[in-house]
Trainee: 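Take a look at the following structure, please.
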Amino acid sequence: MEVMVDTAETQDQAVSIESPLVFPYRFTSDGRLRHQVTQEPFVFRFQRGRDPEDTQREDQALCLHITQHVHSILEEQLHLFRLYLPPPPVLQQGDHRANLRPHQGAPCLGYVYLSTRALESPATLVVLVQDRGTVHCGLWSWRAAASEGLEKGSMIPYVRKALEDGCSVLLMNPNQGGVGEMPEDHAQHVWDVIVSRCSSSRVVMVAHGYGGLVFVDLLCRRPQEVVKQVWAVAFLDSSHSLWHQPLDAMGREWLRTHSRRWGRHAVTASRSERVLFYIPCLVSRWVLSSKPLNQPVGSLKAGCLQMSAGTQRHEAAPSVCMESVFKFFSKMLSPKPTSAFNIVTRSRSSLGHV
């Protein structure tokens, strides 16, 4: 497969934020954000009466600082590279598999991060999709990264684990796509120009929050291709809903047998809630499960087996569930025994092996 991209001047669509001249916090070697002088950990503090615009500017500067630091680790320590996405070329009717030959100087539609030789390697490709909002590529939550460290708020542990298991890695970037591009459009574009054309026939995906809705939307748009190439999907407190997304019977059956969701479960609205918010008696509300990790919880909207995330905090779900997610992937990728007596022992994970 030949892929040619424009790696000239980056045309990142992120808002340009001017960092403070003196930023007093720096990340330590263990990934914690601490004050350079006092070594005290970073803490978000609410100040009554403060100008909201000042708070927003500081938050934006902090988000930029964290994002830049995470990107430096991805590139310098984990050896991922940034791939700029060209606009899709004009395609023949019915052909969505793009031949990546953009015109020189053509504007890019954002970027993604890939591990070395991810496009050519037949190893399992692990794709990570974050939540919607100010969450940039390589992060699950910049606020969690600031207050709890990179091991909790960034995708670095997932990338490290995937590479250790011999997998390739792709980090989507749905919140920094092209001008006017929705996260769903970014995912489709990345699928058409990268995933559908890579050498790996074994793709697994991790989707957090709105990223789950993005994946189900991709399954609606590219059902035949996704069903053929994706082996498993882990939804982490996902906001997807089979009640509101037009997934056909084949897609619903595939989702039931190839995905698992960790996170919220439905509970019946209380009488006070029904009175206050005019909620009908049979309507449920969604809460993060307080049950221990991996305990079954009911769900009709998810369309698949749902397990407790072991946390009541949305931004904590990826870090808490990581070990369970990779065990699920290993199970889905392992060869199915032909009989009850065919027992195969393995000394290594089956994730990265064809």
Trainee: Apply salt bridge (charged side-chain N to carboxylate O under 4.0 Å, His left out) to the pair Arg221 and Asp185, showing each step before the final yes or no.
Mentor: CA-CA 10 Å; Arg221 298 188 189 193; Asp185 300 324; 3.3 Å; yes
Trainee: His69: what forms a side-chain hydrogen bond (donor to acceptor under 3.5 Å, both in side chains) with it, not counting sequence neighbours?
Mentor: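 His69 satisfies side-chain hydrogen bond (donor to acceptor under 3.5 Å, both in side chains) with no residue once adjacent residues are dropped.
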Trainee: Using a 3.5 Å distance criterion without hydrogens, assess whether the side chain of Ser239 forms a donor-acceptor pair with backbone atoms of Leu213.
Mentor: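 Judged by distance alone, no pair lies under 3.5 Å.
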Trainee: Quick check: does any side chain N or O of Ser168 sit under 3.5 Å from a backbone N or O of Leu125, one acting as donor and the other as acceptor?
Mentor: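 Absent.
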Trainee: Got a donor-acceptor contact below 3.5 angstrom from the Ser141 side chain to the Ala144 backbone?
Mentor: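 Checking the backbone N and O of Ala144 against the side chain of Ser141, a donor-acceptor pair under 3.5 Å is found.
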Trainee: Show the nearest heavy-atom pair for residues Ser238 and Gly212, with the distance to one decimal.
Mentor: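 Looks like OG-CA, 3.2 Å.
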Trainee: Do Tyr113 and Leu170 have side-chain heavy atoms sitting under 4.5 Å apart?
Mentor: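 With C-beta onward as the side chain, the pair stays apart.
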Trainee: To the closest 0.5 Å, what do you measure between CD (Gln130) and CG (Asn175)?
Mentor: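 So the CD of Gln130 and the CG of Asn175 are separated by 5.5 Å.
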Trainee: Going through the distances and angles, do Trp140 and Met155 end up as a side-chain contact (heavy atoms from CB on, under 4.5 Å)?
Mentor: CA-CA 6 Å; Trp140 298 118; Met155 295 180 179; 3.6 Å; yes
Trainee: Any non-hydrogen side-chain atom of Arg260 less than 4.5 Å from a side-chain atom of Met307?
Mentor: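 A side-chain contact exists here, since the closest heavy-atom pair is under 4.5 Å.
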Trainee: Please assess Glu225 against Trp191 for the test side-chain contact (heavy atoms from CB on, under 4.5 Å), listing each intermediate value before the final yes or no.
Mentor: CA-CA 9 Å; Glu225 294 82 355; Trp191 178 273; 3.8 Å; yes
Trainee: Minimum heavy-atom separation for Val126 to Ala162, with atom names?
Mentor: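 Of all heavy-atom pairs spanning Val126 and Ala162, the closest is CG2-CB, 4.0 Å.
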Trainee: First locate atom CD1 of Ile73, then atom CD1 of Ile156, and finally report the distance between them rounded to the nearest 0.5 Å.
Mentor: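 Reported to 0.5 Å precision, the distance equals 4.0 Å.
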Trainee: Could you list all the salt bridge (Lys or Arg N to Asp or Glu O under 4.0 Å) pairs where at least one residue sits in residues 321-330, not counting sequence neighbours?
Mentor: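 Counting only pairs at least two positions apart or across chains, the salt bridge (Lys or Arg N to Asp or Glu O under 4.0 Å) contacts touching residues 321-330 are Glu323-Lys327.
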Trainee: Could you check Arg82 against His71 for side chain to side chain donor-acceptor pair (under 3.5 Å), going step by step and ending with a plain yes or no?
Mentor: CA-CA 9 Å; Arg82 186 181 295 195; His71 287 182; 3.2 Å; yes
Trainee: Using modelled atom types and a 3.5 Å cut-off, is there a donor and acceptor pairing between side-chain atoms of Ser199 and backbone atoms of Ser121?
Mentor: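 No, Ser199 side chain to Ser121 backbone: no donor-acceptor pair under 3.5 Å.
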Trainee: Which residues pass the side-chain hydrogen bond (donor to acceptor under 3.5 Å, both in side chains) test with Thr67, sequence neighbours left out?
Mentor: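 His136.
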Trainee: For Glu253, what residues pass the side-chain hydrogen bond (donor to acceptor under 3.5 Å, both in side chains) criterion, not counting sequence neighbours?
Mentor: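 If we apply the side-chain hydrogen bond (donor to acceptor under 3.5 Å, both in side chains) test to Glu253, skipping adjacent residues, the hits are Arg256.
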Trainee: Look only at the side chain of Thr257 and the backbone of Trp254, and say whether a donor-acceptor pair between them is shorter than 3.5 Å.
Mentor: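 Such a contact is found between Thr257 side chain and Trp254 backbone.
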Trainee: Does any N or O in the side chain of His65 come within less than 3.5 Å of the main-chain N or O of Gln60, such that one atom is a donor and the other an acceptor?
Mentor: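 Not a single qualifying donor-acceptor pair exists.
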Trainee: Run Val195 and Gln229 through side-chain contact (heavy atoms from CB on, under 4.5 Å) and show every step you take.
Mentor: CA-CA 9 Å; Val195 181; Gln229 199 168 357; 4.2 Å; yes
Trainee: Enter the distance from His208:NE2 to Tyr158:OH here, rounded to the nearest 0.5 Å.
Mentor: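 Interatomic distance, His208 NE2 to Tyr158 OH, rounded to 0.5 Å: 9.0 Å.
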Trainee: Rounded to the nearest 0.5 Å, how far apart are OG1 of Thr134 and CG of Leu64?
Mentor: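 Between Thr134 OG1 and Leu64 CG, I get 12.0 Å after rounding to 0.5 Å.
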Trainee: Under the rule for side-chain contact (heavy atoms from CB on, under 4.5 Å), what residues qualify as partners of Ser324, not counting sequence neighbours?
Mentor: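 Scan of Ser324 (side-chain contact (heavy atoms from CB on, under 4.5 Å), adjacent residues dropped) gives Trp262, Leu293, Asn294.
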Trainee: List the atom of Val193, the atom of Arg197, and the distance in Å for their closest heavy-atom pair.
Mentor: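 Result for this residue pair: O-CD, 4.0 Å.
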Trainee: Would you say the ring centroid of Phe215 lies under 6.0 angstrom from that of His240?
Mentor: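 Centroid separation for Phe215 and His240: 6.0 Å or greater.
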Trainee: If you measure from the Lys or Arg side-chain nitrogens to the Asp or Glu carboxylate oxygens, is any gap between Lys161 and Asp165 under 4.0 Å?
Mentor: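 Yes, this pair counts.
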Trainee: Using side-chain heavy atoms (C-beta onward) and a distance below 4.5 Å, is Val227 in contact with Met250?
Mentor: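 Of all side-chain heavy-atom pairs linking Met250 with Val227, at least one is under 4.5 Å.
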Trainee: When rounded to the nearest 0.5 angstrom, what is the spacing between CG in Leu33 and OG in Ser147?
Mentor: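 These two atoms lie 9.5 Å from each other.
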Trainee: Can you check side-chain contact (heavy atoms from CB on, under 4.5 Å) on Val230 and His258, steps first, answer last?
Mentor: CA-CA 9 Å; Val230 178; His258 290 78; over 6 Å; no
Trainee: Ignoring hydrogens, what is the shortest heavy-atom contact between His189 and Pro86? Give both atom names and the distance.
Mentor: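 Shortest heavy-atom contact: NE2-O, 2.8 Å.
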Trainee: Identify, with sequence neighbours excluded, every residue that meets salt bridge (Lys or Arg N to Asp or Glu O under 4.0 Å) alongside Arg143.
Mentor: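 For Arg143 the salt bridge (Lys or Arg N to Asp or Glu O under 4.0 Å) partners, ignoring immediate neighbours, are Asp59.
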Trainee: How far apart are the closest heavy atoms of Val129 and Gly211, and which atoms are they?
Mentor: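 Reported closest heavy-atom pair: CG1-CA, 3.8 Å.
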Trainee: Report yes if some heavy atom in the side chain of Leu62 is under 4.5 Å from a heavy atom in the side chain of Trp142; otherwise report no.
Mentor: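 Counting from C-beta outward, Leu62 and Trp142 do come under 4.5 Å.
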Trainee: Does the side chain of Thr124 come within less than 4.5 Å of Val203's, by heavy atoms?
Mentor: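 No, side chains not in contact.
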Trainee: Indicate yes or no: at least one non-hydrogen side-chain atom of Leu114 is less than 4.5 angstrom from one of Leu80.
Mentor: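 The answer is no, as the side chains (C-beta and beyond) never meet within the 4.5 Å cut-off.
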Trainee: Tyr210: what forms a side-chain hydrogen bond (donor to acceptor under 3.5 Å, both in side chains) with it, not counting sequence neighbours?
Mentor: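 Partners of Tyr210 by the side-chain hydrogen bond (donor to acceptor under 3.5 Å, both in side chains) criterion, ordered by chain and then number, come out as Arg132, Glu184.
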Trainee: Please check if the distance between the ring centroids of Trp231 and Phe329 is under 6.0 Å.
Mentor: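 They do not qualify: ring centres at least 6.0 Å apart.
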Trainee: So, applying side chain to side chain contact (heavy atoms under 4.5 Å, CB included) with Met205, which one of Leu128, Val214, Val226, Val127 is it?
Mentor: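 Checked Leu128, Val214, Val226, Val127 against Met205; only one passes side chain to side chain contact (heavy atoms under 4.5 Å, CB included): Val127.
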Trainee: Does a donor on one side chain and an acceptor on the other come within less than 3.5 Å for His314 and Asp237?
Mentor: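 Checked: His314/Asp237 side chains pair up, N/O donor to acceptor below 3.5 Å.
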Trainee: So do Phe235 and Val216 actually touch side chain to side chain, heavy atoms under 4.5 Å?
Mentor: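 Result yes, sub-4.5 Å side-chain heavy-atom pair found.
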Trainee: Which heavy atom of Cys321 sits nearest to which heavy atom of Leu236, and what is that distance?
Mentor: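 Where Cys321 meets Leu236 most closely, the heavy atoms are CB-CD2, 4.0 Å.
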Trainee: Is the backbone of Phe326 close enough, under 3.5 Å, to the side chain of Ser330 for a donor and an acceptor to pair up by distance?
Mentor: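 No; zero donor-acceptor contacts below 3.5 Å.
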Trainee: Can a donor-acceptor pair be found, under 3.5 Å and without considering hydrogens, that links the side chain of Asn173 to the backbone of His186?
Mentor: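 No.
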Trainee: So, using side-chain contact (heavy atoms from CB on, under 4.5 Å) as the criterion, who are the partners of Ser29 when residues are at least two apart?
Mentor: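 Listed in chain order: nothing, the list is empty.
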Trainee: With sequence neighbours excluded, tell me which residues meet side-chain contact (heavy atoms from CB on, under 4.5 Å) with Ser319.
Mentor: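 For Ser319, the residues satisfying side-chain contact (heavy atoms from CB on, under 4.5 Å) (neighbours in sequence not counted) are Lys152.
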Trainee: Any side-chain heavy-atom pair from Leu171 and Val159 closer than 4.5 angstrom?
Mentor: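 The answer is yes; the side chains approach within 4.5 Å.
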Trainee: Quick one: side-chain contact (heavy atoms from CB on, under 4.5 Å) partners of Arg34, sequence neighbours excluded?
Mentor: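 Per chain and number, Arg34 pairs via side-chain contact (heavy atoms from CB on, under 4.5 Å) with Thr28, Arg32, Gln39, Pro41.
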Trainee: Mind checking the CG-CD1 spacing from Leu83 to Ile194? Nearest 0.5 Å is all I need.
Mentor: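 Answer for the CG-CD1 pair, Leu83 versus Ile194, is 4.5 Å.
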